[in-house]
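Working notes, structure below.
Here, residue 1 is the first one in the sequence, and each next residue gets the next number.
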Amino acid sequence: QVRLVESGGGLVQAGGSLRLSCTASGSTFRFNRIDWYRQAPGKQREGVATITIGGTINYPESVKGRFTISSDNAKNTVYLQMNSLKPEDTAVYYCHYIDGRFHNTWGQGTQVTVSS
């Protein structure tokens, strides 16, 4: 079974930057697509970045130009570089994976707090 572990969250002022990491492990893991999501209190979970094994990358307009997703395949790790952070970016950020049998795996999440 696949395990995902996120790290890198913290408290920053508006305009600051953070880099999140998501590391995958488990004998059944085969990288095809990894997603980053976030969820703020009282809000629905929102996708913020996607990367595929073929190199396709997607962002929603809410983070486009500020967030960058990348991968280090040798380390089974995906990164999310977040720049020009805004208070509205405050949320718990989760790494997400779907395997070939459509089973979802989520990390435990890492808290990002952006102050005014």
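Pairing each heavy atom of Trp36 with each of Ser21, the nearest pair is CH2-O, 3.7 Å. Closest of all the heavy-atom pairs between Ser116 and Pro87 is OG-CG, 3.8 Å.
Between Ile51 atom CD1 and Asn32 atom CG the span is 12.0 Å, to the nearest 0.5 Å. Note that CD of Gln39 and CD of Gln44 are 7.0 Å apart. Values are rounded to the nearest 0.5 Å. Atom OG1 of Thr105 is separated from atom CD of Gln1 by 8.5 Å, given to the nearest 0.5 angstrom. Atoms CG and CD1, on Asn73 and Ile53 in that order, are 6.5 Å from each other to the nearest 0.5 Å. Note that the NE2 atom of His96 and the CG atom of Asn104 stand 3.5 Å from one another [nearest 0.5 Å]. Note that the CZ atom of Arg30 and the CG atom of Asp99 stand 10.0 Å from one another [nearest 0.5 Å].
Among Leu11, Leu18, Leu85, the one residue that satisfies the side-chain contact (heavy atoms from CB on, under 4.5 Å) test with Val114 is Leu85.
Applying the 6.0 Å contact sphere to CZ of Arg45 captures more than 12 heavy atoms from other residues, nucleotides or ligands. For Gln108, the CD atom sits in a loose shell: 12 or fewer heavy atoms of surrounding residues, nucleotides or ligands are nearer than 6.0 Å.
Side-chain atoms of Gln81 do not come within 3.5 Å of backbone N or O of Thr68 as any donor-acceptor pair. The closest donor-acceptor contact from the side chain of Glu6 to the backbone of Gly109 lies under 3.5 Å.
Following chains of ILVMFWY side-chain contacts shorter than 4.5 Å, one cannot reach Tyr79 starting from Ile69, and the two form parts of different hydrophobic clusters. Cluster membership for Val92 and Leu4, using ILVMFWY side-chain heavy atoms within less than 4.5 angstrom, is not shared. Cluster annotation: Leu80 and Phe31 are assigned to the same hydrophobic cluster (Ile/Leu/Val/Met/Phe/Trp/Tyr, side-chain heavy-atom contacts under 4.5 Å, transitive). Follow the hydrophobic side-chain contacts under 4.5 Å out from Tyr59 and you reach Val112 in the same cluster.
Counting only N and O atoms by type, the side chains of Glu88 and Ser62 include no donor and acceptor under 3.5 Å apart. In this structure, a donor-acceptor pair under 3.5 Å is present between the side chains of Thr23 and Thr77.
The shortest distance between side-chain heavy atoms of Val78 and Ser71 falls below 4.5 Å. At a threshold of 4.5 Å between non-hydrogen side-chain atoms, the residues Val12 and Ser17 do not count as touching. You'll find the side chain of Val63 stays beyond 4.5 Å of the side chain of Met82, heavy atoms only.
Ring pair Tyr94/Trp106 is perpendicular by interplanar angle, where above 60° counts as perpendicular and below 30° as parallel. Ring geometry, Phe29 versus Tyr97: the interplanar angle falls from 30° to 60°, so the pair is classed tilted.
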